[in-house]
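In each ligand, atom 1 is the first atom listed, and ligand 1 is the first ligand listed. Owing to the predicted nature of the structure, the values given are computational and were not obtained by experimental measurement.
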Amino acid sequence: MIPGTFSYYRPDSVDKAVALLTELGEEARPLAGGHSLIPMMKLRLAQPEHLIDLSQIAALKSITREGDTVVIGAMVSQHDMIDSAEIAASLPILIETAKLIADPQVRYVGTMGGNVANGDPGNDMPALMQCLGATYVLAGPNGTREVAARDFYEAAYFTKLEPGELLTQIRIPASPAGHGYAYEKLKRKVGDYATAAAAVVLTMSGGTCASAAIALTNVGDTPLLAEEAASALVGTVIDKAAIDAAVAAAEGITDPASDGRGPAEYRTKMAGVMLRRAIERAKTRAA
Ligand SMILES: Cc1cc2nc3c(=O)[nH]c(=O)nc-3n(C[C@H](O)[C@H](O)[C@H](O)COP(=O)(O)OP(=O)(O)OC[C@H]3O[C@@H](n4cnc5c(N)ncnc54)[C@H](O)[C@@H]3O)c2cc1C
């Protein structure tokens with residue numbers, strides 16, 4: 001319950017936050033919503049010496065549209081996203097997914113940036129970002145760079161974020177009009193991390209699947225982009241045979257942990273069941 005001691009900083013710009021992170025080094029951690037970091041600190045699984053609170057950086061709190069790209073500031077809370085008309089219009093799967101994350105109180109403070117930067121395979125947004133082809137903007141002492149969500153995750157709690165870097169924006173191509181989508185998550189109760197979950201976005205043209213993207217949550221050390229599974233749908237009418245093929249391909253790339261959510265074999269099968277449901281629901285939604 002009692003975290004270690006730390007010094008606290010509250011910069012009001014990205015530049016100041018990056019300068020602090022750079023100056024204070026590896027013992028400094030950004031504090032966003034605090035709903036992953038503070039629980040870890042209370043268990044002493046994380047003991048940062050310096051917390052850089054991002055809550056006063058207004059530039060990180062907006063949701064905007066730049067052409068076909070939706071730009072979500074790192075400090076946009078999960079609640080703000082659920083409430084956003086822009087997100088409802090351009091990326092409704094984000095709202096469906098966010099509603100399956102945690103509970104209302106956590107969603108008031110938990111942020112998009114914290115969820116994707118955390119590196120916990122249990123977080124739901126990372127696989128969704130891979131499914132949607134999102135890009136993360138990282139600000140560091142040498143300027144900014146962009147890393148695709150599909151390249152960002154290396155292992156549990158290991159990402160491409162370098163010391164001194166701050167994730168500032170998530171840039172997501174708006175899904176095409178008429179797309180079908182679904183996020184299906186199996187969990188033991190409200191607020192639990194997924195036993196397995198699947199994100200699907202697809203488009204149909206003349207009754208056949210024109211494009212598909214699939215990613216899986218919490219059935220490996222990282223979120224998993226299921227490219228072969230998506231390819232199994234494209235060009236088909238998404239009949240049982242195509243879904244069976246996609247499910248088999250997706251199950252084949254899983255490597256889940258055995259834990260209180262069940263043994264690895266069960267979680268692999270549940271990834272397949274979630275994917276089947278997500279594909280079927282996405283298809284019914286596609287125009
Ligand atoms: C009861 C409970 C249930 C939950 N259930 C779920 C769930 O089902 N699914 C789910 O996805 N999540 C769940 N969460 C986690 C929740 O969504 C967190 O809020 C989220 O994982 C982290 O976001 P945060 O803003 O709270 O980040 P923080 O806890 O502040 O930070 C998390 C990590 O990311 C780093 N970080 C934060 N922001 C940045 C940034 N901009 N740049 C670089 N590094 C950064 C921090 O230094 C820290 O290492 C749950 C949390 C609780 C307490």
Side-chain angles (χ1 to χ4, degrees), residues 3 6 8-11 13-14 17-18 20-22 24 26-43 45-57 59-61 72-82 94 96-129 136-140 144-145 147 152-153 156-170 183-197 199 215 217-218 223 261:
F6 54 87
Y8 174 79
Y9 306 80
R10 202 164 52 180
S13 72
V14 168
V18 168
L20 278 166
L21 282 171
T22 308
L24 298 168
E26 297 210 9
E27 294 310 321
R29 293 279 281 276
L31 175 68
H35 271 48
S36 288
L37 182 53
I38 291 175
M40 299 275 270
M41 289 172 64
K42 288 179 162 186
L43 295 168
L45 293 172
Q47 302 203 44
E49 289 173 13
H50 312 281
L51 284 186
I52 319 292
D53 181 351
L54 309 177
S55 65
Q56 300 306 302
I57 308 179
L60 298 181
K61 291 187 178 169
I72 302 177
M75 288 298 287
V76 168
S77 72
Q78 289 142 25
H79 171 81
D80 287 343
M81 223 183 37
I82 290 171
L94 274 178
E96 179 160 297
T97 305
K99 285 181 173 170
L100 294 170
I101 290 180
D103 54 55
Q105 283 165 309
V106 172
R107 294 196 293 260
Y108 279 129
V109 280
T111 64
M112 283 294 287
N115 199 289
V116 302
N118 195 27
D120 181 342
N123 282 134
D124 289 286
M125 285 297 168
L128 179 55
M129 294 304 124
Y136 302 153
V137 180
L138 311 179
T144 60
R145 63 186 181 116
V147 178
F152 186 73
Y153 299 95
Y157 295 103
F158 285 91
T159 68
K160 288 266 163 60
L161 257 181
E162 297 286 348
E165 278 186 327
L166 197 63
L167 188 150
T168 56
Q169 288 181 347
I170 301 169
Y183 190 77
E184 283 283 347
K185 175 174 175 177
L186 176 68
K187 53 191 163 83
R188 296 170 299 182
K189 61 182 177 57
V190 166
D192 192 20
Y193 294 90
T195 301
T217 295
N218 216 14
R261 294 178 180 85

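Ligand 1 is never approached by Ile38 to a heavy-atom distance shorter than 4.0 Å. Remark: distances from the non-hydrogen atoms of Pro30 to ligand 1 include one below 4.0 Å.
Considering each of Thr111, Thr217, Leu161, the one bringing a non-hydrogen atom nearest atom 43 (C) of ligand 1 is Leu161. Between Leu167, Val14, Asn115, Leu21, it is Asn115 that holds the heavy atom closest to atom 17 (O) of ligand 1. By heavy-atom distance, the residue among Met125, Arg107, Lys185, His35 lying nearest atom 51 (C) of ligand 1 is His35.
Proximity to Asn123 (heavy-atom distance under 4.0 Å) selects the following atoms of ligand 1: 10 (C), 11 (O), 12 (N), 15 (C), 21 (O). Counting atoms of ligand 1 from 1 in the listed order, those under 4.0 Å from a heavy atom of Leu54 are 41 (N). Counting atoms of ligand 1 from 1 in the listed order, those under 4.0 Å from a heavy atom of Ala74 are 41 (N). Close approach of ligand 1 to Asp124 is summarised as follows: ligand atoms under 4.0 Å from at least one heavy atom of the residue are 7 (C), 8 (O), 9 (N), 10 (C), 11 (O). Atoms of ligand 1 lying under 4.0 Å from any heavy atom of Ala32, numbered from 1 in the order shown and given with element: 25 (O), 27 (O), 30 (O), 37 (C), 38 (N). Atoms of ligand 1 lying under 4.0 Å from any heavy atom of Gly33, numbered from 1 in the order shown and given with element: 24 (P), 25 (O), 26 (O), 27 (O), 30 (O). Remark: ligand 1 atoms within the under-4.0 Å shell around heavy atoms of Gly110 are 19 (O), 25 (O), 26 (O). Taking a cut-off of under 4.0 Å to the non-hydrogen atoms of Leu166, the atoms of ligand 1 that pass are 42 (N).
Proximity of a side-chain donor or acceptor of Arg261 to a complementary backbone N or O of Tyr193 within less than 3.5 Å is detected. Side-chain N or O atoms of Arg145 include none that pairs as donor or acceptor with a backbone N or O of Ala139 at under 3.5 Å. Between the side chain of Arg10 and the main chain of Leu54, no donor-acceptor pair closer than 3.5 Å is present. Remark: side-chain polar atoms of Thr168 are paired, donor with acceptor, to backbone N or O of Val137 under 3.5 angstrom.
Among all non-hydrogen protein atoms, the one lying nearest atom 3 (C) of ligand 1 is Gly191 O, 3.1 Å. Closest to atom 18 (C) of ligand 1, if we only count protein heavy atoms, is Ser36 OG, 3.5 Å. Counting only heavy atoms of the protein, atom 32 (C) of ligand 1 lies nearest to Asn118 OD1, 3.5 Å. With hydrogens left out, the protein atom closest to atom 2 (C) of ligand 1 is Val106 CG2, 4.0 Å, a heavy atom. Residue, atom and distance of the protein heavy atom nearest to atom 4 (C) of ligand 1 are Ala102 CB, 3.4 Å. Among protein heavy atoms, atom 49 (O) of ligand 1 sits closest to Arg29 NH2, 3.0 Å. For atom 50 (C) of ligand 1, the closest heavy atom belonging to the protein is Tyr193 OH, 3.2 Å. Considering only non-hydrogen protein atoms, atom 28 (P) of ligand 1 sits nearest to Gly34 N, 3.4 Å.
At a heavy-atom distance under 4.0 Å, only side-chain atoms of Gln78, from C-beta outward, approach ligand 1.
The two atoms that bring Ala17 and Leu166 nearest to each other are CB-CD2, 3.9 Å, heavy atoms only.
By the neighbour-count criterion of 12 heavy atoms within 6.0 Å, atom CD of Gln105 is sparsely surrounded, having that number or fewer from other residues, nucleotides or ligands.
A distance of 5.5 Å separates CG of Leu167 from CG of Leu138, quoted to the nearest 0.5 Å. Annotation: the span from Tyr136 atom OH to Gln169 atom CD amounts to 13.5 Å, rounded to 0.5 Å. Here the straight-line distance linking atom CD of Glu96 with atom CD1 of Ile82 works out to 11.5 Å at 0.5 Å rounding.
Residue contacts with ligand 1: Gly113 is placed with no nitrogen or oxygen under 3.5 Å of a nitrogen or oxygen of the ligand (distance criterion only).
Using a 4.0 Å cut-off between a side-chain N of Lys or Arg and a carboxylate O of Asp or Glu, Glu49 and Arg29 do not qualify as a salt bridge. Checked for salt-bridge contact, Asp80 and Lys61 miss the test: no charged N lies under 4.0 Å from a carboxylate O.
Not counting sequence neighbours, the partners of Tyr108 by the ring pair (Phe, Tyr, Trp, His ring centres under 6.0 Å) test are His79.
When each of Val116, Leu94, Leu60 is checked for a side chain to side chain contact (heavy atoms under 4.5 Å, CB included) with Ile72, only Leu94 meets the rule.
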Do any side-chain atoms of residues 120-129 form donor-acceptor pairs under 3.5 angstrom with protein atoms, and if so which ones, sequence neighbours left out?
residue, atom, partner, partner atom, Å
Asp120, OD1, Gly122, N, 2.7
Asp120, OD2, Tyr157, OH, 3.1
Asn123, OD1, Asn118, ND2, 3.0
Asp124, OD1, Tyr183, OH, 2.6
Asp124, OD2, Lys185, NZ, 2.7

